[in-house]
Amino acid sequence: MRLRWSSVCLLLFPLLVACSASGNGPAGPMGNWPAADAGVTSGDIPCDVGAFLATNCVQCHADPPIGGATVPLRSYADLSADAGGGLTYAEVAVARMQDTTAPMPPTGVLSATAVAPFVDWVNAGAAMGMCDVGVTDPYGTPTVCTSDSNWTGGNSESPRMRPGHACIDCHTREREGPRFGVAGTLFPTAHEPDDCFGWNGGGAVVEITDANGVVKKLSVNTAGNFYTESPVSKPYTARVLYQGRVRAMATPQTDGDCNGCHTESGTDDAPGRIMMP
């Protein structure tokens, strides 16, 4: 997807944007993605606070910040720094999480249960903690074909064909095959080679919201491919939904050819593949 996605990488954003996710496991942006050191690696904050930040914030509040974020939120020093007005950045973050007009993450106000570890810590005085289990960058992984299975049919037309390739670009150049409004491939991990079959676990949905607010929920087939032949008014936003977890793009997109940026190593600021939340 052609970045300027602008915004939330998994969506995260000005002043403190949190990459969108809820549920278990770290989420990550799908555009303006985190640098290799974006995970919370500091051991000077409580483990549950670090896990919350890894799931909801540090994909953009990395060091250096990306996706519209202006400050890192990876350590006690980051969170306790003076944000002005007598507030720390941790206190500003709490306010933004509860702001219904400009929430952090921008995808909407998180539930009280989801934010409780962080809010309770800040309200109790935000004491320095200790966690010997680092939360690492979900994109800092090696290249691997998780499925250990590849498409071998060349350009033979099939909904399962050529996972990982830029579908719209190919169909346009070859002047055959369906015309897509949006198309791409969902993978289990961040760096998987072209033609490797992607997510095949079922249940994942790629949600597209176009410029007119029309929502399209795209199913993911057994090769990991998703697409719609319907026109999509641009710019649009995109999220991957799975079992209550979310991985969202940071910024609205004007290019529907998702794999054009979400290559094995990532181009145009994408960190790699479109990955399961």
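Not measured: the values here are computed from a predicted model. Hydrogens, waters and symmetry mates are skipped; everything else that's a heavy atom, side chains included, is used.
- Screening S149, S147, P163 for a side chain to side chain contact (heavy atoms under 4.5 Å, CB included) involving C196 leaves a single residue, S147.
- A 4.5 Å side-chain heavy-atom check between T70 and Y89 finds every atom pair outside the cut-off.
- Going from atom OG of S156 over to atom CZ of R162 covers 9.5 Å, rounded to the nearest 0.5 Å.
- For the residue pair G184 and C167, the shortest heavy atom distance occurs at N-SG, 4.4 Å.
- Annotation: side chain of C258 is in contact with side chain of I274 (closest heavy-atom distance under 4.5 Å).
- In plain terms, the two heavy atoms of P72 and D78 that are nearest each other are O-CB, 3.2 Å.
- Between the CZ atom in R179 and the OG1 atom in T228 there is a gap of 14.5 Å [rounded to 0.5 Å].
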Kindly determine whether M161 and N155 satisfy side-chain contact (heavy atoms from CB on, under 4.5 Å), including the steps that lead there. CA-CA 7 Å; M161 71 182 295; N155 286 337; 4.2 Å; yes
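- Taking 4.0 Å as the cut-off between side-chain N and carboxylate O, E207 and R239 count as a salt-bridged pair.
- The backbone N or O of A102 sits less than 3.5 Å from a side-chain atom of R96, completing a donor-acceptor pair.
- Smallest separation of non-hydrogen atoms from P178 and F180: CG-CZ, 3.5 Å.
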Apply salt bridge (Lys or Arg N to Asp or Glu O under 4.0 Å) to K216 and D210, showing your working. CA-CA 8 Å; K216 301 178 186 293; D210 75 10; 5.6 Å; no
What verdict does the side-chain contact (heavy atoms from CB on, under 4.5 Å) test give for N150 and C145, after you've listed the backbone C-alpha separation in whole Å, the side-chain angles of each residue and the deciding distance to 0.1 Å? CA-CA 8 Å; N150 292 274; C145 181; 4.2 Å; yes
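- Annotation for A127 and P46: closest pair O-CD, 4.4 Å, computed over non-hydrogen atoms.
- The heavy-atom pair separating V49 from P117 by the smallest distance is CG2-O, 3.9 Å.
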After noting the C-alpha distance and the side-chain angles of M104 and N56, does the key distance pass the side-chain contact (heavy atoms from CB on, under 4.5 Å) rule? CA-CA 9 Å; M104 181 179 64; N56 298 286; over 6 Å; no
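- What you find for T141 and A190 is that their closest heavy atoms are OG1-CB, 4.0 Å.
- Using a 4.0 Å cut-off between a side-chain N of Lys or Arg and a carboxylate O of Asp or Glu, D194 and R273 qualify as a salt bridge.
- Listed by chain and residue number, nothing satisfies the side-chain hydrogen bond (donor to acceptor under 3.5 Å, both in side chains) test with R175 (two or more places apart in sequence, or in another chain).
- Put simply, the side chain of T88 does not reach to within 4.5 Å of the side chain of L79, judged on heavy atoms.
- By the criterion of side-chain heavy atoms lying less than 4.5 angstrom apart, applied directly or through intervening Ile, Leu, Val, Met, Phe, Trp or Tyr residues, Y227 is not grouped with V205; the two fall into different hydrophobic clusters.
- Not one N or O on the side chain of N225 forms a donor-acceptor pair closer than 3.5 Å with the backbone of N221.
- Hydrophobic cluster membership differs between L218 and F197, with clusters built from Ile, Leu, Val, Met, Phe, Trp and Tyr side chains linked at under 4.5 angstrom.
- The cluster map of Ile, Leu, Val, Met, Phe, Trp and Tyr, joined by side-chain heavy atoms under 4.5 Å apart, puts M276 and I208 in the same cluster.
- The shortest distance between side-chain heavy atoms of H61 and V71 falls below 4.5 Å.
- Looking at heavy atoms from C-beta onward, V240 lies in side-chain contact with L186 at the 4.5 angstrom threshold.
- Partners of T222 by side-chain hydrogen bond (donor to acceptor under 3.5 Å, both in side chains), not counting sequence neighbours, listed by chain and number: R160.
- Side chains of H165 and N259 form no contact here, defined as non-hydrogen atoms less than 4.5 Å apart.
- Note: M275 CE to Y139 OH = 4.0 Å, rounded to the nearest 0.5 Å.
- Atom CG of N123 sits in a crowded spot, with more than 12 heavy atoms from other residues, nucleotides or ligands closer than 6.0 Å.
- For the pair T143/E264, a side-chain contact is recorded, criterion being any heavy-atom separation below 4.5 Å from C-beta on.
- Between F226 and V206, the closest side-chain pair of non-hydrogen atoms falls below 4.5 Å.
- Looking only at distances, no side-chain donor or acceptor of N200 sits under 3.5 Å from a matching main-chain atom of A223.
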Test log, rule side chain to side chain donor-acceptor pair (under 3.5 Å), inputs E192 and T146: CA-CA 7 Å; E192 308 227 8; T146 303; 2.6 Å; yes
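- Linking Ile, Leu, Val, Met, Phe, Trp and Tyr whenever their side-chain heavy atoms come within less than 4.5 Å puts V94 and V58 in one cluster.
- In this structure, L73 CG and F118 CZ are separated by 7.0 Å, a value rounded to the nearest 0.5 Å.
- With hydrogens and angles left out, the side-chain atoms of D169 and T172 include no donor and acceptor closer than 3.5 Å.
- A single hydrophobic cluster is seen to contain both F52 and W121, as judged by linkage of ILVMFWY side chains at heavy-atom distances under 4.5 Å, directly or through other members.
- With hydrogens and angles ignored, the 3.5 Å screen pairs no side-chain donor or acceptor of Y236 with any backbone N or O of V182.
- In this structure, the ring of W199 has its center less than 6.0 angstrom from the ring center of Y242.
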Between E176 and E157, does a side-chain contact (heavy atoms from CB on, under 4.5 Å) hold up when you go through it step by step? CA-CA 9 Å; E176 60 181 353; E157 292 189 20; 4.1 Å; yes
